[in-house]
Each structure stands twice: as C-alpha cells, then as structure tokens.
Amino acid sequence: MTGITKAPSSSAPIRSSLIQQLLEQQLEDLRDCREGEVADYIPELAKANPEDFGIVLATADGRVYAVGDWEKTFTIQSISKPFMYGLALSLLSPSFMEKKVGVEPSGDAFNAISLDPRTGIPRNPMINAGAIATAAQVWRHDPGRAEALTLEFFSTLAGRPLAVNESVYESERASGHRNRAISHLLRNAAVIEEEPEPGLDLYFRQCSIGVTCRDLAVMAATLACQGRNPLTQDEPLNPAITTRMLAVMGSCGMYDYAGQWLYDVGMPAKSGVGGGVLAVVPGRLGIAVYSPRLDAFGNSVRGIATCRRLSQALELHLFDQTPLQQSPVRSTYKGTERRSRRWRSTAEAEVIDPLRSQIKVLHAQGVLDFAALENVLGSIEQAATDGAVIILDLGQVSELPAASKALLQRQAELLQTAGKQLLLCRSSHLELPAALSRKKFTYASLDLALEAAEDLLLEISCGEESAGEGSAGEGSAALAAPQKGTPTDVGLLGLLAPLAADLREAITERLELRQYAAGTLVMGRQQESDQLFLVASGRFSIFLPILRPEAPSRLARMATFSEGMVFGDAAFFSGELRMADVVADTDGSCWLLQRSAFEELQEDNPAAAIALLTQLAIDLGRKVALCGQQLTLVEDL
Ligand code: GLU
C-alpha cells in the first residue's frame with residue numbers, strides 16, 4: 001500500500017479528551033442561561049424539561065464527543081425539513097422539486113399562510129408551507145410506503161433505528177389547524193395535486209420522529225461528509241443533493257434569524273421547536289445542541305449561544321477560510337537526480353544519459369482541490385518548458401476530486417499534443433478514471449515510472465525499434481539471442497568484449513547457456529551461490545525484501561539487468577548465501593559460470609581467470625557507485 005495509511009476501520013476511533021473538556025466547559029458556562037420559553041403551542045412539547053442541555057460534536061472521520069443530556073430523546077420537529085427535502089430531491093429530482101418549492105429566504109414567519117406571490121409556490125422548504133409541500137410529494141411518490149421510506153432514510157442518516165413519538169404526533173395532529181390551513185392553500189394553488197391530508201399527516205409524523213442530540217450530530221456529520229454517514233459508511237444521500245440541502249439550510253435554516261446566524265456563526269444549520277439545533281461545517285464536522293428553551297424566533301437560546309461560541313473558539317465560520325498554506329507540490333527535480341533501477345547497457349546509457357534532464361519529477365501532496373491543482377498544473381507546465389516527460393507522483397495525495405481528475409486528464413492530453421508525456425505514479429488509492437489509469441500512463445511506483453520515462457527518451461532519440469526491448473511484455477524481441485550458440489557468441493557480450501581473443505575463448509568455453517521463461521525465479525534468497533550469471537538476452541530483476549516494522553515485508557526491485565550485464569557475483573565471490581531473488585521479467589537467457597568451472601579456469605589458465613576477475617571487479621565498482629547514488633535518495637523518502 002502506498003500513500004495514506006488509514007487506521008483499520010474496526011479499531012475504536014481515538015478521541016481527544018481536550019475536545020471533550022472543551023464541550024463540557026460550554027455546558028458549564030451556559031447552564032445558567034435560562035432565557036426563553038419552552039414551546040407550548042403543541043401541548044406535548046410543553047412537557048419538555050427546560051433544564052435539559054446536551055452538546056454533541058461528530059467529526060467527518062467518525063469521532064463523536066457527547067456531553068450533558070445527549071441521550072435524552074426529543075422530537076426532531078423542523079430539523080426534519082432539510083432531510084425530507086433531501087429525500088424528495090433524491091426520489092423525485094431537483095428539477096421536479098424546483099417547480100414545487102423555491103429556494104429563496106422568506107421574510108415571513110415560519111408558519112405563515114402564504115405563498116411567494118411571484119411564483120405561486122412556497123418560498124423554501126424550511127418554512128412550513130415548503131415542508132408540507134415537500135412531504136406531500138414524498139407521499140405521492142409512494143403512498144403505501146412513504147412513512148416507512150422516511151423512517152428508513154432518517155434512521156440511515158442517524159445510524160440507528162428511529163421511531164415516531166406517537167403522543168407528540170397525536171398532539172400535533174390535533175392542534176395543527178394552522179398547518180392544515182397551509183395544506184389547503186397548497187392544494188388550492190395546485191402545489192399539492194391530491195387531497196392534502198395524507199401529505200400533511202406525513203409532515204406531522206416526520207416532525208414527531210424522536211431523536212437524541214447524538215443522532216442529530218451524526219446526521220449533521222453525514223451532511224458534512226457529502227451524504228455518507230461517517231460512522232456506518234452508509235450513503236443515504238449523494239454529494240450533489242447534500243450540497244443543495246446545505247445551501248438551503250445556509251440561507252433559510254434558522255427561521256427569521258438566518259441572516260444574522262450566517263453572519264455570526266457561519267454554518268448551514270437548522271433548528272426545531274423541540275429544542276434541537278443542528279449545524280454543519282462542510283467536509284469537517286457536525287454539531288448538535290439540545291436545550292428546549294426557545295427565543296422569539298423559535299430557536300433554542302442555549303443552542304444558538306453554544307454554536308456561536310464554538311464557531312468563534314474553533315474558527316469554524318464558513319467564510320473564514322485559511323488560504324493555501326502548504327505547497328501542493330512537495331518537491332520537483334530532474335531525471336539527472338534520480339534514475340530508475342533498470343541498469344542500462346553502455347549503448348542505452350549513452351543515449352539516455354545526455355537526455356536525462358528532460359525527465360521532470362513532481363511529488364504532489366494533500367488534497368488536490370481546484371486551488372491546489374491549479375498550482376500543480378502550473379508546475380507541470382513549467383516543467384514541460386524544457387522537459388519531455390513529466391512524472392507526477394500522487395502517492396502523498398489524499399484526495400483528487402472529480403473536477404481535478406478531469407482537469408488533470410485534459411492537461412495530459414494537451415501535453416501529448418505538444419509531443420510531451422505526463423506519467424502518473426502511485427495513484428491506485430485515488431480511483432482514477434480509465435483514461436488516466438491506463439497502461440503506459442500510470443505506474444505502481446516511481447521507479448517504474450522513471451524506467452518508462454527513460455524508455456520514452458530512447459524512443460524519442462532512436463525511434464521505437466531500439467526501445468522495443470525495453471517495454472514490459474515485449475520480451476520476445478530479446479529472443480533473437482543465441483539459443484544454443486557456440487561459446488564464442490558470448491565473447492561479444494558486455495564485460496568479455498575487451499579481452500584478448502585467446503583469454504576470452506578460455507572463459508567462454510566454460511560457460512553454459514540457460515533459457516528462462518518470463519516469470520521464472522532464476523535464483524532465490526538463502527540459496528547456495530555456486531553460479532555467476534551473464535545475461536545473454538531478456539531482462540532480469542533483482543528483488544530484496546524491505547523489512548517494515550508494522551507491516552509484512554515487501555519485495556522491492558533493486559535493479560533490472562539486460563544483455564551483457566552480470567548478476568550473482570557478490571555471493572559467488574563471498575561464498576555467502578544469496579541475499580536477493582532474481583526473476584526473469586521477460587523470456588531470456590543467461591550464460592552461467594559454475595564455481596567448479598571457475599576453479600578449473602584458475603588452474604588451467606590463470607591469466608584468463610585474472611582477466612575475468614579484473615573485468616568483474618570493474619563491473620562491481622560501477623555497481624557500488626550506482627548503489628551509492630540510490631542510497632542518497634533514501635534520505636528523501
Ligand atoms: N411541527 C412543527 C410545526 O409544524 C414544527 C415547527 C418547527 O420546529 O419549526 O409547527
């Protein structure tokens with residue numbers, strides 16, 4: 001796994017006792033505030049204990065802080081309105097609902113018996129007229145199951161089964177003459193198409209759903225998470241509908257106090273005459289307060305005070321956004337500073353090395369929302385001015401919203417038209433669309449992306465033919481190598497080439513050719529090391545285990561060798577057990593020198609043995625230099 005490490009979902013969330021104390025302090029500070037009156041226009045509501053006071057904060061990553069009377073059940077009342085509106089939007093579509101209920105704040109009382117004179121429909125779904133019209137549409141959508149659908153939906157939002165408080169419902173129904181008048185007005189204006197009573201009844205029942213302060217906080221956190229319940233991971237709402245709900249809550253959620261609320265507290269919110277207040281910090285958290293004494297607007301007095309204090313103390317105001325602090329591009333460098341672990345033949349290196357500065361590597365980090373991506377795109381363009389292949393490492397990017405994915409894809413296309421390439425790596429956790437995650441464009445590691453970039457440089461300068469051998473899965477090109485060639489064939493390979501003909505012959509006649517199919521384990525860790533391998537054709541990768549204290553060790557590619565290169569030499573000479581696995585990446589072949597054959601050579605032709613050792617020493621020296629270079633990069637990780 002790359003990039004972000006998440007705690008396993010089964011483990012209990014870690015909570016800060018400091019935040020718990022902070023909420024307890026709020027409770028303490030506001031407990032003496034006894035302003036306001038418990039609602040009594042619905043007789044059952046008058047039974048609430050005015051002293052009840054609970055505060056709950058639920059975070060977008062599933063932590064819940066609850067203080068005071070957070071377990072007390074009360075009725076949701078008007079806080080049901082934005083949720084019912086969300087249900088209607090989901091079931092019937094926003095375009096349909098826009099014809100039934102507007103989204104403009106109203107200057108009238110929440111229970112005004114009036115419609116918008118301009119449109120002939122209720123002004124918004126947060127006043128009773130709009131909420132009754134909304135409930136009527138949900139009822140009409142599925143008369144037989146409307147209540148069950150509603151309860152199921154609210155329960156999923158809260159993450160536990162909720163039920164209607166029958167006595168409050170009866171009380172509402174018996175005393176709800178004003179709401180009944182509104183429903184008839186709606187029927188008269190054809191906003192409601194059938195008999196108004198069933199829709200009105202659903203409205204009374206939705207208002208009478210019993211909730212705790214904790215339920216409301218989880219429902220708020222679900223809105224903060226674009227409709228995904230952060231505790232259960234259920235998704236009762238989609239992000240687009242959640243955005244609409246929050247918008248209406250932002251402008252109309254707090255009765256006639258909505259403007260002042262947005263000014264002071266700056267969170268989409270909704271309150272209800274049952275004493276609940278629910279507020280959302282989008283993307284971050286949900287807050288719920290329960291305290292039944294209401295002010296003249298119908299909002300919980302302590303609820304408002306708590307939210308105002310928390311907003312100030314924790315800087316939660318929606319319009320108080322800190323500008324981008326951390327650069328979304330963590331580091332940038334050229335291909336000269338870091339190369340792939342594919343070891344190149346001298347011929348390939350001669351082509352690639354002078355061009356390495358045309359490879360640019362960008363490491364991005366954090367959430368790449370529009371503002372951050374704009375910065376990344378600028379860096380990509382800058383890199384492309386004198387670069388041919390740009391590698392964007394997304395391993396430390398925690399989020400790439402859909403709009404950013406689309407922009408990134410467009411950027412890749414633009415670069416391609418200009419004859420340049422954008423390669424992505426370490427992006428599997430971001431669920432990229434097919435166009436961005438296709439082969440030869442997205443790589444599992446930076447190492448593989450660097451190798452691809454080097455191959456692209458080869459293509460650019462030599463044409464596709466010479467780079468063919470380098471591309472994964474195209475190993476068959478390498479099969480042109482000798483199948484059962486005479487030892488002299490090998491004399492031209494790599495380290496033997498510089499030797500005098502007679503010495504070379506003495507060595508090569510002691511070599512034997514082995515064929516390997518792609519995927520074969522050529523040698524394994526902990527094995528005896530009795531052979532030395534000289535690659536005749538194909539590609540062979542060396543893998544070493546990386547030991548990780550908290551995770552299973554994983555194999556990392558240390559190097560990939562091709563024609564003319566030697567492996568197995570370190571253990572061959574030290575006599576130790578093998579340290580690494582070597583796997584054939586493609587079909588290929590190697591010339592093998594057995595230890596016994598080498599010992600014979602030492603006896604029969606010491607000059608040839610010394611010549612061979614000298615060449616191997618030079619080769620080993622080069623490897624040590626390259627390993628040193630790779631080690632310096634570890635500092636960077
Ligand atoms: N059921 C209540 C009513 O219709 C809800 C009012 C409210 O919470 O604002 O009057």
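Atoms within a ligand are numbered from 1 in the order they appear, just like the ligands themselves. Atom set for the values below is all heavy atoms of this structure, side chains included, hydrogens, waters and symmetry mates excluded. All values reported here derive from a predicted model rather than from experimental measurement.
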Got a second to check how far Ile42's CD1 is from Glu172's CD, nearest 0.5 Å? 3.5 Å

Please state whether the rings of Tyr257 and Phe297 are parallel, tilted or perpendicular, taking 30° and 60° as the class boundaries. tilted

Is the side chain of Trp261 donor-acceptor paired with the backbone N or O of Pro268 at a distance under 3.5 Å, no angle test? no

Heavy atom to atom 10 (O) of ligand 1, shortest distance: which of Tyr41, Tyr203, Phe204, Tyr169 holds it? Tyr41

For atom 5 (C) of ligand 1, the closest protein heavy atom turns out to be Gln77 OE1, 3.2 Å

With atoms numbered from 1 as shown, which atoms in ligand 1 lie under 4.0 angstrom from a non-hydrogen atom of Gly272? 8 (O)

Heavy-atom count check: over 12 atoms from other residues, nucleotides or ligands less than 6.0 Å from Glu431 CD? no

Please answer whether the main-chain N or O of Glu51 pairs with a side-chain N or O of Asn49 as donor and acceptor at a distance below 3.5 Å. yes

Mind checking whether Glu172 contacts ligand 1 via backbone (N, CA, C, O), side chain (CB onward), both or neither, at a 4.0 Å heavy-atom cut-off? side chain

Does any non-hydrogen side-chain atom of Leu23 lie less than 4.5 Å from one of Leu310? yes

Please confirm whether Asn179 comes under 4.0 Å of ligand 1, counting heavy atoms of the residue only. yes

Are Arg309 and Gln312 close enough, and set up right, to give a side chain to side chain contact (heavy atoms under 4.5 Å, CB included), and what steps lead you there? CA-CA 5 Å; Arg309 291 166 67 119; Gln312 276 166 13; 5.8 Å; no

Counting both backbone and side chain atoms, is some N or O of Phe110 under 3.5 Å from an N or O of ligand 1? no

Which atoms from ligand 1 have a heavy atom of Cys207 less than 4.0 Å away? 1 (N)

Residue, atom name and distance, where the atom is the protein heavy atom closest to atom 7 (C) of ligand 1: Ser78 OG, 2.5 Å

Mark up the atoms of ligand 1 that fall under 4.0 Å of a heavy atom belonging to Asn128, in ascending order. 3 (C), 4 (O), 10 (O)

Can you name the atoms of ligand 1, numbered from 1 with element, that are less than 4.0 Å from a heavy atom of Val273? 6 (C), 7 (C), 8 (O), 9 (O)

With respect to Ser271, determine whether any N or O atom, backbone or side chain, lies less than 3.5 Å from an N or O atom of ligand 1. no

For ligand 1, the portion of Ile79 having any non-hydrogen atom under 4.0 Å away: neither

Determine whether more than 12 heavy atoms belonging to other residues, nucleotides or ligands lie under 6.0 Å from atom CD of Glu194. yes

Sub-4.0 Å atoms of ligand 1 with respect to non-hydrogen atoms of Tyr255: 7 (C), 8 (O), 9 (O)

To the nearest 0.5 Å, what is the distance between CZ (Arg293) and CZ (Phe53)? 10.5 Å

